[in-house]
Amino acid sequence: MTAVMVMGLQWGDEGKGRVVDHIAQRAESVVRFNGGPNAGHTIPLPGGSKLAVHQLPSGVTNQDARLCMGRGMVVDIEKLAKEIKEVGVNPKRVLLDRRAQVIAPCHREEDGAAEASRGDKAIGTTKTGNGPAYADKYARVGVTVGDLLTLDGARSAAARLADSRPGRDKSLLTDWAEDMRVILDQTGIEVGDVSEFLIEANLCDANILFECAHGFELDIDHGDYPYVTSSSCGIGGVYSGAGFPPLEVEHVIGVMKPYSTRIGAGSFVPGFLDEQTNYIREKGGEYGVTTGRARKIGVLDLQRLERACLINSVDRLALTHLDMAMYLDTVPFIDLDGKYTVVAWHDLHSVIEEATGAAIQYISDGPQHQCMQQLFGEEGTDADVWGLR
Ligand code: IMP
Ligand code: MG
């Protein structure tokens with residue numbers, strides 16, 4: 001019986017896709033439980049091509065893994081149907097929780113309008129409707145996946161959504177909900193209770209992999225509000241978003257880069273020299289998967305990293321973009337006292353492990369599939385996260 005979680009320790013885009021893909025090869029279920037189409041996870045494939053997933057868990061390449069989408073998600077049904085086709089997954093592998101929230105067209109519009117009205121205080125959202133959909137969830141007027149299982153349910157949920165705010169068109173939303181009911185039905189995915197499924201699977205000794213979207217610095221409660229996303233981007237999401245007992249999670253694998261990146265506004269860490277920034281952006285592929293925006297690039301911040309690991313009980317680390325540390329040769333970082341300092345790239349691992357108390361078990365030193373590797377150390381990491389050698 002093993003349940004493990006993979007999460008991003010920085011501002012998202014740490015390389016969770018490749019780490020989840022690697023670990024998922026031995027998983028029976030891979031679970032997304034927060035966010036929705038605002039996320040973008042890239043999986044490098046063995047032949048050199050890449051796969052990008054936004055709503056499906058990054059366990060898609062393990063044909064035997066169940067792909068669960070928990071109730072903590074906000075789902076865009078149309079985009080999900082498209083993603084299932086484009087990625088080419090058997091829809092029967094997907095189990096979508098009936099309590100997950102559904103993103104409506106008004107949410108996408110309001111996301112864009114809110115951003116425009118904020119002017120230079122804009123958050124820099126992905127404009128996928130994520131924030132407004134969560135706002136309606138907490139206002140208890142949102143449309144759930146379960147509402148779309150019957151015509152009556154779809155219509156009354158659309159009416160509730162339309163009536164909850166001025167300026168929402170009831171007949172448009174009703175048409176939309178009726179369409180979504182049909183699209184959802186046609187996708188061929190299973191709608192059910194992800195919590196019940198996972199608790200049962202856990203009793204049957206299944207290997208369950210939780211994939212947290214975004215990064216801890218974007219967490220609604222722990223990031224620098226309001227420059228955050230609208231969901232829980234850490235261990236708490238396993239309980240609220242998947243309905244799984246958090247104390248059953250055996251390992252929390254934190255994914256990190258030897259530097260920081262951020263898309264969107266909010267506080268950030270000092271940057272590199274221009275030449276280094278440009279090199280990292282191009283060679284490290286630092287452009288948004290969902291929006292294509294160029295990411296801001298700054299140095300590694302050990303104070304933030306330590307906090308992320310503490311709050312989430314992170315015990316294993318995956319260090320990606322190690323090739324960028326090699327390029328830098330001496331890697332600048334903010335130490336635990338908040339001072340700017342440098343370390344030789346080959347000593348970076350001990351600085352990180354000391355600051356976090358977690359062992360580096362995975363590294364990735366290039367963009368290709370084969371650059372993702374697992375390390376077997378002596379203490380603690382002599383087996384992989386599933387307990388296998
Ligand atoms: P939202 O999630 O679209 O509401 O955007 C809120 C903030 O989170 C913005 O700064 C986004 O750029 C950022 N964000 C959301 N999802 C991701 C992600 O998957 N990677 C990196 N940044 C993200
Ligand atoms: Mg991403």
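Every number for a ligand or one of its atoms is a count from 1 in the order of the listing.
Panel note: side chain Glu14, backbone Gln10; a donor-acceptor pair is recorded below 3.5 Å. Side-chain atoms of Arg262 come within 3.5 Å of backbone atoms of Ala265 as a donor-acceptor pair (strictly under, hydrogens ignored). Checked by atom type and distance alone, the side chain of Glu211 never pairs as donor or acceptor with a backbone atom of Val30 at under 3.5 Å.
A salt bridge is defined here as a Lys NZ or Arg NE, NH1 or NH2 lying under 4.0 Å from an Asp or Glu carboxylate O, and Lys283 with Asp323 fails to meet this definition. Between Arg307 and Glu217, at least one side-chain nitrogen of the basic residue sits less than 4.0 Å from a carboxylate oxygen of the acidic one, meeting the salt-bridge criterion.
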Evaluation steps, side chain to side chain contact (heavy atoms under 4.5 Å, CB included), between Asn34 and Cys212: CA-CA 7 Å; Asn34 72 310; Cys212 197; 4.0 Å; yes
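Under 4.0 Å from any atom of ligand 1, one finds heavy atoms of residues Trp11, Asp13, Asn38, Ala39, Gly40, Ile123, Gly124, Thr125, Thr126, Asn130, His214, Leu218, Val228, Thr229, Ile263, Gly264, Arg293.
Shown here are the side-chain hydrogen bond (donor to acceptor under 3.5 Å, both in side chains) partners of Thr356, two or more places apart in sequence or in another chain: there are none.
Sorted by first then second residue, the ring pair (Phe, Tyr, Trp, His ring centres under 6.0 Å) pairs that include residues 269-290, not counting sequence neighbours, are Tyr279-Tyr327.
The salt bridge (Lys or Arg N to Asp or Glu O under 4.0 Å) test with Asp147 is passed by exactly one of Arg160, Arg181, Arg155: Arg160.
For a distance threshold of 2.8 Å, the protein N, O or S atoms nearer than that to the Mg ion (ligand 2), listed by chain and number, are Asp13 OD1, Gly40 O.
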